[in-house]
2 protein chains.
Amino acid sequence: MSLDIAQQGLRERKRIATRRAIESAAINLVVEKGLENVTIDEISHRADVSPRTFFNYFASKEAALLGESPELPVDGSVARFVDGELGSSALEGLGELISTASEDSREDAETHTLRFALLRQYPQLFTLRMTAMRDFEEELASVVAERLRHDEPTLDDDARRSKAKLITLVAFGVIRHSWSCWAENESAMTLSERMKESFAQLPGILSAGAA
Amino acid sequence: MSLDIAQQGLRERKRIATRRAIESAAINLVVEKGLENVTIDEISHRADVSPRTFFNYFASKEAALLGESPELPVDGSVARFVDGELGSSALEGLGELISTASEDSREDAETHTLRFALLRQYPQLFTLRMTAMRDFEEELASVVAERLRHDEPTLDDDARRSKAKLITLVAFGVIRHSWSCWAENESAMTLSERMKESFAQLPGILSAGAA
DNA sequence: TACATTCTTGCACTGCCTGCAAAAAAATCG
DNA sequence: CGATTTTTTTGCAGGCAGTGCAAGAATGTA
């Protein structure tokens with residue numbers, strides 16, 4: 001794990017350091033002065049790079065604040081999910097997969113905390129993050145399709161892909177719900193706990209008929 | 001219906017005309033030259049207003065392309081939904097409410113068609129549209145909460161609001177699914193038909209357990 | 001007609017973002 | 001080490017987005 005960063009040459013190490021410096025400068029400045037009052041120039045200056053270099057690393061101020069896009073966990077939980085060992089249904093398993101995955105983080109703990117605070121403070125940032133999740137959605141949808149191949153082998157390809165996508169998008173709806181609840185209540189549960197909660201509520205919203 | 005535009009004075013009529021002219025100029029230019037190759041200057045010029053005036057009407061090029069935000073239908077279907085007459089569950093009813101509402105349109109048919117073509121062509125625009133839907137989501141969530149007050153009178157306020165939000169966000173997940181299917185297949189069904197389809201698939205994704 | 005209100009426009013200004021080419025830094029090789 | 005190649009950083013020039021302000025035009029009102 002800690003060998004990832006290991007000597008791939010000075011160049012690579014410097015690139016990572018610069019990226020981190022920019023992210024950190026951006027996040028701290030926004031915490032200090034507010035999103036609207038921070039310019040690329042300021043961020044670059046604090047990170048000790050030229051404004052032009054900023055754009056060699058990030059496409060925008062927001063991109064620097066959001067950091068890297070999420071990726072599938074690499075600990076084998078994906079394999080267990082595909083094999084049907086995670087959750088009694090694909091949707092439920094997906095919920096477990098995501099809420100567990102949202103716990104790990106390959107970065108500085110303080111940066112991570114501040115980033116979350118910003119997502120809480122600026123809903124626009126959360127929206128952007130969800131937007132940036134499109135690729136992740138595609139990835140997840142194909143994993144879900146694999147799971148469905150296991151759960152329902154009789155389904156034809158098109159139906160399976162469509163169903164996988166529906167499951168994925170519904171799951172993202174649930175994630176948004178978790179987020180919304182989590183962001184409103186000052187410091188109640190962990191986000192990942194809140195996610196488990198929302199996923200648990202899910203079955204109740206389909207069946208509950210008229211009075 | 002056609003009386004909406006009726007004499008509210010020259011000023012108001014001109015405002016509406018200008019707004020329409022800008023929208024139309026924007027849409028047509030983007031259809032002709034592609035989203036990236038159209039500037040505010042061009043749009044303003046074709047709409048016969050100054051670039052400065054453009055910003056008196058829209059905050060950005062994208063806003064002009066997307067047009068007005070969606071609103072709740074005014075034909076009484078909301079009341080029927082709240083009273084539990086629409087759908088056998090809140091989620092199902094919400095599906096009917098939305099898919100029906102997406103049919104009406106208070107605008108020029110050609111503009112409407114082109115706008116949809118653009119949403120199809122540029123997924124970023126659809127994402128933006130979903131982002132702009134936040135307020136609409138809030139509105140819907142409170143309507144859903146009313147419906148829940150009817151369906152499950154025993155629920156306390158917090159639980160009801162949370163559940164209403166979950167239902168709403170899941171519904172938006174389904175809408176995204178409908179959109180995705182609709183945008184991929186060249187000219188299959190109506191969007192609103194496609195929505196009914198996706199909502200119908202929904203019950204199947206919760207129960208389907210392991211093989 | 002005279003007055004008040006609202007809308008349009010030009011102007012100046014800040015900030016975002018990109019392409020390009022020169023300089024700096026790091027990797028590679030003899 | 002020194003020479004060469006590759007990659008990164010930086011400055012510069014420039015286009016486009018978006019905003020505040022104040023003057024002037026258009027509309028509403030009496």
Side-chain angles (χ1 to χ4, degrees), chain A residues 5-27 29-30 32-68 118 122 124-125 127-128 131-132, chain B residues 5-27 29-30 32-68 118 122 124-125 127-128 131-132:
Chain A
I5 316 177
Q7 280 65 11
Q8 296 181 316
L10 175 57
R11 200 164 263 169
E12 190 61 17
R13 270 179 287 141
K14 275 205 171 178
R15 256 195 98 73
I16 293 174
T18 302
R19 168 173 275 267
R20 293 234 166 109
I22 295 176
E23 284 185 16
S24 167
I27 291 177
L29 274 170
V30 170
E32 290 170 21
K33 312 178 49 178
L35 185 56
E36 318 297 327
N37 308 315
V38 174
T39 67
I40 307 273
D41 278 13
E42 281 175 300
I43 298 172
S44 315
H45 186 261
R46 181 171 295 196
D48 268 311
V49 294
S50 76
R52 187 62 185 83
T53 297
F54 176 94
F55 288 108
N56 288 338
Y57 284 84
F58 297 99
S60 67
K61 187 165 65 180
E62 288 75 17
L65 292 173
L66 292 180
E68 291 172 349
L118 289 186
Y122 300 101
Q124 349 157 13
L125 285 183
T127 299
L128 272 181
T131 301
Chain B
I5 317 176
Q7 280 65 11
Q8 297 180 317
L10 176 57
R11 196 164 266 166
E12 189 61 19
R13 272 179 285 140
K14 275 204 170 178
R15 256 195 97 73
I16 293 174
T18 303
R19 169 174 275 268
R20 294 233 167 110
I22 294 176
E23 285 184 14
S24 166
I27 291 176
L29 273 170
V30 171
E32 290 169 22
K33 310 180 50 180
L35 185 55
E36 320 297 327
N37 308 315
V38 175
T39 67
I40 307 275
D41 278 15
E42 282 176 300
I43 297 172
S44 316
H45 187 261
R46 182 171 295 196
D48 267 310
V49 295
S50 76
R52 187 64 186 81
T53 297
F54 176 95
F55 289 107
N56 288 339
Y57 284 85
F58 297 99
S60 66
K61 186 166 64 180
E62 288 75 16
L65 292 173
L66 292 179
E68 292 172 349
L118 288 186
Y122 300 102
Q124 349 157 14
L125 285 182
T127 299
L128 272 181
T131 301

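Quick caveat, the model's predicted, so the values are computed rather than measured. Residue numbering restarts at 1 for every chain, and letters A, B, ... go by the order of the sequence lines.
- Here C:dC16 presents its P atom at 11 Å from CD of A:Glu36, a figure rounded to the nearest Å.
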* Any chance you could list the contact pattern along nucleotides 19-30 of chain C? Use B for base contacts, S for sugar-phosphate-only contacts and - for none, protein heavy atoms under 4.0 Å, 5' to 3'. => BB----BBS---

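- Atom-to-atom distance recorded for A:Glu32:CD and A:Glu42:CD is 9.5 Å, nearest 0.5 angstrom.
- The structure places OG of A:Ser44 at 7.5 Å from CZ of A:Phe55, a figure rounded to the nearest 0.5 Å.
- Looking only at distances, no side-chain donor or acceptor of B:Tyr57 sits under 3.5 Å from a matching main-chain atom of B:Thr18.
- The side chain to side chain contact (heavy atoms under 4.5 Å, CB included) with A:Leu118 is formed by just one residue from the set A:Leu66, A:Leu35, A:Leu65; it is A:Leu65.
- For the pair A:Thr53 and D:dT9, the criterion of a side-chain N or O lying under 4.0 Å from OP1 or OP2 is not met.
- Residue B:Leu65 contributes atom CG, which lies 12 Å from atom P of D:dA17 at whole-angstrom precision.
- Taking atom CD1 on A:Ile40 and atom C1' on C:dT14, their separation rounds to 13 Å, with Å as the unit.
- Per the geometry, CD belonging to A:Glu42 stands 14 Å off P belonging to C:dT14, to the nearest Å.
- Looking at every heavy atom in both residues, B:Ala64 comes nearest to B:Ile22 through CB-CG2, 4.4 Å.
- Going from atom CG of A:Asn37 over to atom P of D:dT19 covers 15 Å, rounded to whole Å.
- For the pair B:Ala59 and B:Ala63, the tightest heavy-atom approach, listed with the atom from each and the gap, is N-CB, 4.1 Å.
- The only option from B:Leu125, B:Asn37, B:Val38 that meets the side chain to side chain contact (heavy atoms under 4.5 Å, CB included) definition with B:Val30 turns out to be B:Val38.
- Between A:Arg19 atom CZ and D:dT9 atom P there is a gap of 12 Å when expressed in whole angstrom units.
- Rounded to the nearest 0.5 angstrom, B:Ile40 CD1 and B:Phe54 CZ are separated by 4.0 Å.
- In terms of position on DNA chain D, the residue among A:Arg15 and B:Asp41 whose nearest nucleotide sits closer to the 5' end is A:Arg15.
- Residues from residues 55-64 of chain B lying near DNA chain C, meaning a heavy-atom separation below 4.0 Å, are B:Asn56, B:Tyr57 in numerical order.
- Straight-line distance from the CG atom of A:Leu29 to the P atom of C:dG15: 14 Å, rounded to whole Å.
- Spacing between atom CZ of B:Arg13 and atom C1' of C:dC7 amounts to 16 Å, rounded to whole angstrom units.
- Remark: A:Glu23 engages A:Arg19 in a salt bridge, criterion side-chain N to carboxylate O under 4.0 Å.
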